[in-house]
Amino acid sequence: MIRVSIDPAPIELALELAALEERGAGGVASFTGVVRGGDGITALELEHYPGMTEDALCTLAEQAMDRWSLLGVTVLHRVGRMEVGERIVFIGTAAAHRREALAACAYLIDRLKTDAPFWKREWRGEAASWVEARESDAEAASRW
Amino acid sequence: MIRVSIDPAPIELALELAALEERGAGGVASFTGVVRGGDGITALELEHYPGMTEDALCTLAEQAMDRWSLLGVTVLHRVGRMEVGERIVFIGTAAAHRREALAACAYLIDRLKTDAPFWKREWRGEAASWVEARESDAEAASRW
Amino acid sequence: MELLYFAWVREAVGVGQERVDPPEAVYNVADLICWLAGQSPGHAAAFADPTKLRAAIDQRFVSLDTPLHGAKEVALFPPVTGG
Amino acid sequence: MELLYFAWVREAVGVGQERVDPPEAVYNVADLICWLAGQSPGHAAAFADPTKLRAAIDQRFVSLDTPLHGAKEVALFPPVTGG
């Protein structure tokens, strides 16, 4: 079961994890990205390429299902404006064994960073700046 | 911040994850082990070595904190009888970067399997059998 | 050909979407970027440095040397930064 | 010396805890297991095969060749299966 969603609404962690647990898996792994404060950041804004983003995330989820023995994959990404402490992204994987669930979870977040058309803008009060892509993300994605 | 608990009470996933998110981390990784049905299994029963278990889990959590740059580690393990679909174990890690959170999470569940004194019994209706240790768990723990 | 712009490319050009009809000589994505740079001061700011740009043709990531042949929708944007 | 038993070791012996005073010749954990095997039919069932057993002295995992010297609490059990 694949669930992919790009939504301005907050991510409901408990609901998403419960749905994965109900897949009958022995193990559920998750990664949640949260807007981090510090460096004067007050909010984050996410823009995406409607249509292409959904396809890119579905393709990633299908690749993970093919590569590992998974019973469920959930990939959620928020778009629009988010305050410090809010969730940006959620990856959840369900598998009979922990190794598969954990590996697929790491794969999905690494590849999402380079393979899905999102752009992030940091707000510091009234000032906004586009986040630059990091070389380390390309390296992390290439190890798969 | 380290939180370790061995408890017969159910694991409250949403509360535990929210506490980790409040550490101000950019990323929270988790692994949840769930009682899997199939093969006639109706319930699982977990026995442990009181006192030593808490020490073993605290030591693991401290090792993870030392090895990765973590803002929070939570290790929860249920004991007693659990029905199919219930949570047995929860590992949660909070870090500024996803790599640390995910690696520490995988480390903790791999090492918990070999380093903490728990014993698992499977119930099939009225019949019970002790689960045998798996060679693959020793291998997974040794890679760290 | 339908063009889509995202992030600071969209902001520099001033619109997120426009329809263009480039000349025959505009063969690949890099040619398109070069041609677009001459269309207005906003376009010039957005398309001056192709090394800062990435592209998708018909919703698939492509390298800048990819021919435009048959492309219906071309998107130009900075490297992605999701997650 | 306080002994603790877990899982099927506890079930075979019939108690989870007992106090014993082994002779001087019982030097390490393996010796203790061998000596315990002679204490009752239940003990015999639990301690017949030392390769199936693991141990902790004063709440730390130890190998079976570890001397008992000064041990207050010795636990004997099958390989752990948590998580």
Side-chain angles (χ1 to χ4, degrees), chain B residues 4 6 11 31-36 44-60 75-80 82 87-91 105-122 128-141, chain D residues 1-20 28-30 32-33 36-37 41-83:
Chain B
V4 163
I6 294 134
I11 292 167
F31 177 80
T32 309
V34 177
V35 180
R36 195 150 44 106
L44 220 57
E45 194 185 337
L46 264 290
E47 177 173 335
H48 77 120
Y49 185 168
M52 181 172 168
T53 321
E54 288 81 351
D55 278 358
L57 296 186
C58 282
T59 299
L60 280 183
V75 180
L76 311 180
H77 206 297
R78 268 189 87 184
V79 289
M82 286 154 251
R87 297 174 192 124
I88 313 164
V89 61
F90 172 84
I91 307 283
C105 185
Y107 168 85
L108 285 162
I109 186 64
D110 275 352
R111 294 294 296 270
L112 182 149
K113 294 255 174 190
T114 58
D115 291 14
F118 290 102
W119 297 274
K120 198 180 276 170
R121 179 145 66 165
E122 291 171 345
S129 59
W130 293 98
V131 173
E132 298 223 9
R134 280 188 292 180
E135 188 54 42
S136 62
D137 285 337
E139 283 160 22
Chain D
M1 178 188 302
E2 200 68 33
L3 295 186
L4 297 179
Y5 307 131
F6 294 102
W8 56 255
V9 178
R10 172 179 54 72
E11 291 190 309
V13 176
V15 296
Q17 190 159 5
E18 64 180 334
R19 202 169 186 84
V20 296
N28 64 22
V29 179
L32 177 66
I33 289 168
L36 283 167
H43 286 80
F47 300 112
D49 185 355
T51 65
K52 292 187 173 170
L53 296 171
R54 300 293 181 271
I57 293 181
D58 295 332
Q59 307 201 354
R60 289 186 173 275
F61 289 114
V62 295
S63 59
L64 301 193
D65 60 1
T66 307
L68 295 167
H69 176 76
K72 291 190 198 94
E73 181 175 297
V74 179
L76 298 167
F77 42 76
V80 301
T81 56

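The basis for the numbers below is simple: all heavy atoms, side chains too, and nothing from hydrogens, waters or symmetry mates.
Top candidate by heavy-atom pairs under 4.5 Å with chain B, chosen from D:Gly16, D:Ala7, D:Pro78, is D:Ala7. When the candidates B:Gly51, B:Ala138, B:Gly33 are compared by the number of heavy-atom contacts under 4.5 Å with chain D, B:Gly51 comes out ahead. Among D:Arg10, D:Gln59, D:Lys52, the residue making the largest number of heavy-atom pairs under 4.5 Å with chain B is D:Gln59.
A donor-acceptor contact shorter than 3.5 Å is absent between the side chain of B:His77 and the backbone of D:Gly82. Judged purely by atom type and a 3.5 angstrom limit, D:Trp8 has no side-chain atom pairing as donor or acceptor with the backbone of B:Trp130. Side chain of B:Lys120 to main chain of D:Gly83: a donor-acceptor pair is present (N/O by atom type, distance under 3.5 Å, no hydrogens or angles).
You'll find the side chain of D:Arg60 stays beyond 4.5 Å of the side chain of B:Met52, heavy atoms only. Counting heavy atoms from C-beta outward, B:Pro117 and D:Phe61 have side chains that approach closer than 4.5 Å. Side-chain contact between D:Leu4 and B:Tyr49 is present, with heavy atoms from C-beta onward closer than 4.5 Å.
In the displayed structure, B:Glu132 atom CD is contacted under 6.0 Å by at most 12 heavy atoms of other residues, nucleotides or ligands.
Here D:Thr81 contributes atom OG1 and B:Leu44 contributes atom CG; the two are 8.5 Å apart, rounded to the nearest 0.5 Å.
A salt bridge links B:Arg121 with D:Glu11: the closest approach of a Lys/Arg side-chain nitrogen to an acidic carboxylate oxygen falls below 4.0 angstrom.
The shortest non-hydrogen separation linking B:Ala133 to D:Val80 is CB-O, 3.9 Å.
Neither the backbone nor the side chain of D:Arg54 comes within less than 4.5 Å of any heavy atom of chain B. With a 4.5 angstrom heavy-atom cutoff, B:Glu45 does not touch chain D via any of its atoms.
A tilted orientation is assigned to the rings of B:Trp119 and D:Phe77, their planes being inclined by 30° to 60°.
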